[in-house]
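Heads up: the structure comes next, in C-alpha cells.
Residue numbers count from 1 along this sequence. For clarity, every value in this text was computed on a predicted model and none was experimentally measured. Remember, it's 1-based here, ligands and their atoms both numbered in the order they're listed.
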Amino acid sequence: MTADKINVLLIGGGGREHALAWKLAQSPRLAELHCAPGNPGIGEVAQCVDLDVSDHGAVIEFCRALSIGFVVVGPEAPLVAGLVDDLEAAGIAAFGPSAAAAQLEGSKGFTKDLCARFSIPTAAYERFNNAPKAKRYVRERGAPIVVKADGLAAGKGVVVAQSLDEALDAVDACFEGEFGEAGSEVIVEEWLEGTEASVFALCDGQTALLMGTAQDHKRVGDGDTGPNTGGMGAFSPAGNLDQTTIDEVMTTIIVPTLAAMAARGTPFIGVLYAGLMMTAGGPKLIEYNVRFGDPECQVLMMRLQSDLLELLLAASEGRLLEVEADWSDDAALTVVMATRGYPGAYDKGSAIGGRLEPGDSGRVFHAGTAMKDGQLVANGGRVLAVTAIGGTLGEARENAYARVDAIDWPEGFCRGDIGATQGESA
Ligand code: AMP
Ligand code: GLY
C-alpha cells in the first residue's frame with residue numbers, strides 16, 4: 001500500500017527554506033506545498049503565504065483551513081518560541097524540536113551543563129550572571145578566552161578574545177545589554193584550538209541518522225577576515241572529517257545528547273546541528289543548533305538522494321530505524337551573494353538579472369529576494385546562495401563560481417575563496 005499524500009507547510013523564507021522546498025517538492029508523498037512567508041524562488045515550487053508565524057493561532061488556523069498534514073519549521077526562532085508544541089497540541093504533526101528541546105540552541109548554558117553532566121567533550125566553562133565575577137574568572141584564566149551571551153543573538157554574541165582587555169570588554173558589553181536579554185547571562189569558556197566542522201543528525205528522540213557534514217565560512221571577507229556573518233558560503237562533505245572521526249562524533253557527542261534529552265523528559269526530535277572543533281584531543285562540541293544550517297542546508301540538499309519528506313516524517317513519527325539516507329558522492333559548494341554593506345547597513349531594492357535558471361551542475365537558491373513590479377530585487381543582506389555540485393570540491397567550486405559570473409547584480413558581492421582554504425568553518 002502506498003502511503004497517503006499530504007499537504008505540507010514549510011515555515012521560513014531564506015536560502016535554507018528554498019533548498020528544503022526544492023527537495024520537498026520532489027517527494028512522491030507530497031500533495032500541496034505551502035510556505036510562510038517564502039520568497040520568489042520558493043514561489044516556483046510552493047505556494048507562498050503571508051502568515052505571521054509568531055502568531056501560532058494563525059498558523060494553526062491556516063493548517064486547518066488548508067488541510068495541512070505536516071509542518072516543517074526551518075529557522076530557530078519559531079522552534080524556541082514553541083511553535084511545534086502548539087501545533088502538536090492542536091493535533092497537527094510538525095517537524096522540529098519542542099521549545100524545551102530547542103534549549104540546546106536557545107541557551108548555551110543549558111547545553112554546557114548537559115555536556116558537563118554527561119561527559120560530552122566540550123570546552124571548559126563557567127556561567128555568570130554578573131560582571132565582577134565573570135571578570136575575576138577571565139583574569140584567573142587569561143587570554144585567549146571566549147565570552148558568550150547565553151541566549152539567541154542571531155549569530156552574534158560570541159567574542160573569541162585574544163587579549164585580556166578584549167575579554168573584559170566583551171563581558172561588559174553583554175551585561176550592558178548589547179545583545180539584549182540574550183546577554184543577561186554570560187558563559188566564559190576555554191579557547192579551543194583546531195579546525196571547525198559541522199555534523200548534522202536527523203533525530204527522532206531515540207535514534208540519530210547522519211544527515212551529512214559541512215564546513216562554512218563565517219567572516220565577510222576573503223581569507224576569513226572582517227566581521228562575522230550568518231555564513232558567506234559552505235561546502236559538503238567537510239574536508240577535515242574522516243569516517244572514524246564522524247563515528248566518534250556520533251558516539252561521544254550526538255548519541256549521548258539524545259540519551260540525555262530523553263532521560264530528562266525532553267526528547268530531541270528534529271535536526272541536531274553540531275558545530276565542532278577538531279582538536280588535538282579529538283572532536284569537541286562548540287555549540288548546537290536545532291535546525292539545518294543556512295547556507296549548509298543548501299549543500300546538503302544538493303547531495304541528498306533520498307526523499308526528504310519521507311525522512312522528516314520518519315523522524316517526527318519515531319521511525320528513523322526503518323529508513324536510510326542516501327547521499328551522492330559528489331561534493332557540493334555554495335557561494336553566498338550579499339548586498340554591498342552586509343553585515344552592516346545595506347540598501348534594499350537593487351535589481352538582480354543575468355542567468356538564474358538551474359542546470360545539471362547547480363542552482364541558485366533565493367535567500368533574501370523579492371519581486372517588485374515584475375523585477376527580481378534584493379530584499380536582505382544575504383540574497384542568493386549560488387550552489388553547485390562536482391566530482392571533487394574543486395569542480396564544485398568552479399561550477400559555483402561560473403554561475404556567480406553569470407549573475408548580473410552590480411550591488412551584490414561575494415567571497416572569492418569559498419572552499420579554497422578548507423580550514424575554518426562555524
Ligand atoms: P558559536 O556561536 O558558539 O558557534 O561561536 C561562533 C564562533 O566562535 C565559532 O564558530 C568558533 O569559530 C568560535 N568559537 C566559539 N567557541 C569557541 C571556543 N571555545 N574556542 C574557539 N573558538 C570558539
Ligand atoms: N551557517 C550557520 C548557521 O546556520 O547557524
Side-chain angles (χ1 to χ4, degrees), residues 12 14-17 19-20 74-77 79-80 102 104-112 115 121-126 138 141 143-162 166-167 170 174 179 182-183 186-200 213-220 224 227-236 238 240 271-281 283-300 334-336 338 343 365 367 381-382 385 415 418 423-426:
R16 164 182 49 211
E17 287 77 27
L20 292 173
E76 63 275 19
L79 295 168
V80 173
L104 284 173
E105 175 164 359
S107 167
K108 294 182 192 299
F110 171 88
T111 299
K112 297 297 287 189
C115 288
T122 188
Y125 74 105
E126 287 285 339
V138 165
R141 303 296 295 235
I145 194 159
V146 182
V147 178
K148 300 184 174 183
D150 179 74
L152 286 185
K156 304 184 183 93
V158 173
V159 174
V160 180
Q162 297 301 330
E166 206 185 332
C174 282
F179 310 112
V186 167
I187 318 273
V188 181
E189 68 178 42
E190 172 197 7
W191 177 70
L192 296 175
E193 196 171 1
T195 62
E196 292 181 50
S198 300
V199 167
F200 297 83
T213 65
Q215 282 176 273
D216 86 339
H217 297 262
K218 266 268 187 307
R219 303 291 187 120
V220 75
D224 293 319
N228 260 326
T229 71
M232 294 301 290
F235 56 92
S236 174
N240 56 353
V271 173
L272 193 55
Y273 157 1
L276 304 161
M277 190 71 84
M278 302 302 129
T279 73
K284 293 194 176 176
L285 181 71
I286 298 173
E287 62 153 7
Y288 275 131
N289 297 304
V290 297
R291 49 170 174 86
F292 282 109
D294 188 347
E296 290 85 344
C297 186
Q298 288 84 314
V299 286
L300 296 181
T334 189
V335 179
V336 169
F365 294 113
R382 293 191 295 168
R415 278 182 60 164
I418 301 302
E424 260 197 317
S425 84

**Study point:** Partners passing salt bridge (charged side-chain N to carboxylate O under 4.0 Å, His left out) against Glu126 (at least two apart in sequence or in another chain)
**Key:**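 Partners of Glu126 by the salt bridge (charged side-chain N to carboxylate O under 4.0 Å, His left out) criterion come out as none, since no residue qualifies.
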
**Study point:** Partners passing salt bridge (charged side-chain N to carboxylate O under 4.0 Å, His left out) against Arg16 (at least two apart in sequence or in another chain)
**Key:**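 Salt bridge (charged side-chain N to carboxylate O under 4.0 Å, His left out) check on Arg16 returns nothing, list empty.
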
I need the atoms of ligand 1 closer than 4.0 Å to a non-hydrogen atom of [X], numbered in the order shown.
X      : result
Met277 : 21 (C), 22 (N)
Glu196 : 9 (C), 10 (O), 11 (C), 12 (O)
Glu189 : 16 (N), 17 (C), 18 (C), 19 (N)
Lys108 : 2 (O), 3 (O)
Lys148 : 3 (O), 15 (C), 16 (N)
Trp191 : 20 (N), 21 (C)

Please check if the side chain of [X] supplies one atom and the backbone of [Y] the other of a donor-acceptor pair under 3.5 Å.
X      : Y      : answer
Glu17  : Gly14  : yes
Ser198 : Thr213 : no
Arg415 : Arg219 : yes
Thr279 : Glu193 : no

Exercise for review: Kindly confirm or rule out an N or O of Gly230 lying under 3.5 angstrom from an N or O of ligand 2.
Suggested key: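 Yes - when backbone and side-chain N and O of Gly230 are compared with those of ligand 2, one distance drops under 3.5 Å.
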
Review point. Does Arg16 reach ligand 2 with a nitrogen or oxygen that is under 3.5 Å from one of the ligand's nitrogen or oxygen atoms?
Key: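 The answer is no, given that Arg16 and ligand 2 share no N or O pair closer than 3.5 Å.
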
Point to revise | Side chain, backbone, both or neither: Val146 near ligand 1, heavy atoms under 4.0 Å | key: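 For Val146, the contact with ligand 1 is made by the side chain alone.
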
Point to revise | Part of Glu190 with heavy atoms under 4.0 Å of ligand 1, whether side chain, backbone, both or neither | key: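 Just the backbone.
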
Which of the atoms of ligand 2 are close to [X], meaning less than 4.0 Å from one of its heavy atoms?
X      : answer
Asp216 : 1 (N), 2 (C)
Lys218 : 1 (N), 2 (C)
Gly293 : 4 (O)
Glu296 : 1 (N), 2 (C), 4 (O)
Arg291 : 3 (C), 4 (O), 5 (O)

**Study point:** Heavy-atom closest contact (Glu189 atom, Tyr125 atom, distance)
**Key:**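 Where Glu189 meets Tyr125 most closely, the heavy atoms are CB-CB, 3.8 Å.
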
Check your understanding: Any idea which part of Tyr273 is under 4.0 Å from ligand 2, heavy-atom wise: side chain, backbone, both or neither?
Key ->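 For Tyr273, the contact with ligand 2 is made by the side chain alone.
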
